[in-house]
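All remarks here apply to the structure that follows.
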Amino acid sequence: MPRLVFHVERKTLPPAPVDGEIHVWLYGGSAPAAHIGVVGSQAFDAASRLCVQPSRAAMDFLSIAMAVTAADTFVLRDAAFNRWNRGFEIVLPLADPARWESVQRELEAALMFLSGDTWRFRFEAGGVWPPPMEAIRRRVDVVDLSKVDCVALFSGGLDSAIGVKDLIGRGDRPLLVSHAPRGDADHQNRVAALLPPSCQRMSVNTYPTLKNVDDDSMRTRSFQFLALAALACQTLASFRGLTAAKLYICENGLIALNPPLTPRRIGSLSTRTAHPRFLSAIQNVWTTAGIPAFIENPYAFETKGEMVHARSEDEGFAHFVAETVSCGKWKRRNQQCGRCIPCLIRRSSLHAAGVADATPYEFDNLHEVMADTNGRDDLIAVQTAILRLRNQPMGRWVLQAGPLPSEPEIRQRYFAVARRGMNELEGYLRSVGFDLD
């Protein structure tokens, strides 16, 4: 099990590599040597832009997220025994380690559910404290919390963009929190430019860097997203005197559940970013640790097509949609592929809502995709799931992705949204000439 040791001061970094260990400078600048990793300098900078001093709890959660990001990036899945499931031992200094020891097991379980990896934390004293008020008062490029009453994750994807439009439309004033790794910031900015200019934004690239090492599966990407949002919620709650600030995670019901389209996709091979089990676990961790944020996915029981349909009559909506990015593979050629699962759900949602799709997909013709033995896996998986679900109970399939609340009515609503989402996929594939009988 790789051991990652985090340092808050440059002077404590080892001068030479240590067998079996990766040493990381937390919130550090440029790595002083090839064997040293760095992560989070921009995240610490963001903590001083919120006008209010963050709490130790919020800063510690940010530090935990930076450690998770570094581990997920610096330890390659290909080196695991099955080329997927890894194990980590994380030695991490925190400002208030005792607070986090009480939720350590729940946190480790939540991360295992999210990434499929085994996580073991050892929290120590001596962590990074919040930026002092003197530094915060000197900032010019600040987030104006007087113009904010809630927080929303903003990825530049279609769901988060519709969510923000809906929040603004009903009179809310969200702070848009973005994780913007290389390449994402440009499309997020293009989408944000189509929103009211009064929207406050906080965009951060955590820059996990270790020479010649970069695992790009990033199943824990949403965890650092949540940590940035926790920081925003805590400072907003403090500024406004709230018991808890609202955090909106806008994701359609089918993608949030993300049931496995084929048996080999069970577990973390399907992403679990907004799965109810994961969000519930994070909410419990925050409540116990004293982070005043309340998570809500207002679209948990809506399909993507239903989300799109509700906005389909908006002026300029087709152009707005075309600026958003749903593709899980777009960075490879700076273009949405059109054939991955998120792209297929995007295309089916626009078809279901009757909205013209002006997205320039790399693989626009799905019949040509079917002829490509190296690129048709996701398309085949969707068709296989459609056919299999005619003889398999929807509930059994949805629960393969993870546990759901025990209340029968809530479970049935989850099962129903998954069914409607699959119906949208089937309707779209039939519309372009696929025989699913």
Side-chain angles (χ1 to χ4, degrees), residues 3-14 21-32 36-74 88-104 107 111 119 121-139 142-143 177 179 202-210 220 223-238 282 285-286 289-293:
R3 189 170 189 254
L4 288 94
V5 182
F6 290 82
H7 303 255
V8 300
E9 296 186 49
R10 178 173 177 155
K11 65 184 180 182
T12 66
L13 296 167
E21 295 183 348
I22 299 173
H23 288 257
V24 183
W25 187 10
L26 184 64
Y27 304 119
S30 299
I36 300 296
V38 294
V39 66
S41 63
Q42 199 177 98
F44 184 79
D45 178 76
S48 67
R49 293 184 54 230
L50 292 162
C51 299
V52 174
Q53 187 177 39
S55 67
R56 284 187 292 170
M59 281 302 301
D60 276 346
F61 191 74
L62 185 65
S63 295
I64 292 169
M66 294 304 100
V68 168
T69 297
D72 198 11
T73 308
F74 300 161
F88 305 104
E89 181 186 355
I90 308 291
V91 181
L92 178 65
L94 297 175
D96 188 2
R99 178 193 303 269
W100 296 97
E101 287 167 356
S102 66
V103 294
Q104 179 175 336
L107 182 60
L111 286 168
W119 299 83
F121 289 99
R122 194 177 89 201
F123 300 130
E124 299 181 340
V128 173
W129 281 58
M133 278 306 301
E134 293 78 10
I136 294 171
R137 292 191 187 100
R138 289 196 298 267
R139 294 302 299 258
V142 298
V143 173
V177 174
H179 172 240
M202 182 174 77
S203 180
V204 175
N205 187 341
T206 57
Y207 288 109
T209 307
L210 178 63
T220 63
F223 190 67
Q224 59 183 318
F225 219 162
L226 286 168
L228 296 168
L231 192 70
C233 284
Q234 180 270 310
T235 53
L236 177 60
S238 177
I282 295 301
V285 167
W286 284 357
I291 293 178

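What you see is a predicted model, and the numbers here were worked out from it, not measured in a lab.
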Start with the C-alpha gap between Y27 and L62, add the side-chain angles, then the distance that decides, and say whether side chain to side chain contact (heavy atoms under 4.5 Å, CB included) holds.
-> CA-CA 10 Å; Y27 304 119; L62 185 65; 3.6 Å; yes

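- Between F225 and V177, the shortest heavy-atom contact is CE2-O, 3.0 Å.
- Atom OG1 of residue T69 and atom OH of residue Y207 lie 14.5 Å apart, to the nearest 0.5 angstrom.
- Summarising the geometry of R139 relative to S48, their closest heavy-atom pair is NH1-OG, 2.7 Å, with the distance given to 0.1 Å.
- Annotation for P54 and Q234: closest pair CA-OE1, 3.1 Å, computed over non-hydrogen atoms.
- The shortest distance between side-chain heavy atoms of E124 and V91 falls below 4.5 Å.
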Residue pair L107, W119: steps toward the side chain to side chain contact (heavy atoms under 4.5 Å, CB included) verdict | CA-CA 9 Å; L107 182 60; W119 299 83; over 6 Å; no

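- Note: T220 OG1 to L111 CG = 7.5 Å, rounded to the nearest 0.5 Å.
- Residues L26 and V39 are in side-chain contact: their nearest non-hydrogen atoms beyond the backbone lie under 4.5 Å apart.
- Annotation for P32 and L13: closest pair CG-CD1, 3.8 Å, computed over non-hydrogen atoms.
- Atom CG of L228 is separated from atom CE of M66 by 5.5 Å, given to the nearest 0.5 angstrom.
- For the residue pair W129 and M59, the shortest heavy atom distance occurs at O-CE, 4.3 Å.
- The OG1 atom of T206 sits 3.5 Å away from the NE2 atom of H179 when rounded to the nearest 0.5 Å.
- Here the closest non-hydrogen pair linking V52 and S238 is CG1-OG, 3.6 Å.
- In this structure, R99 CZ and I291 CD1 are separated by 8.0 Å, a value rounded to the nearest 0.5 Å.
- By the 4.5 Å heavy-atom criterion applied to side chains, L94 and F121 are not counted as neighbours.
- With ring centers used as reference points, F61 lies under 6.0 Å from F223.
- D60 contributes atom CG, which lies 8.0 Å from atom CG of L92 (distance to the nearest 0.5 angstrom).
- Here the side chains of W286 and L226 are in contact, with some heavy-atom distance below 4.5 Å.
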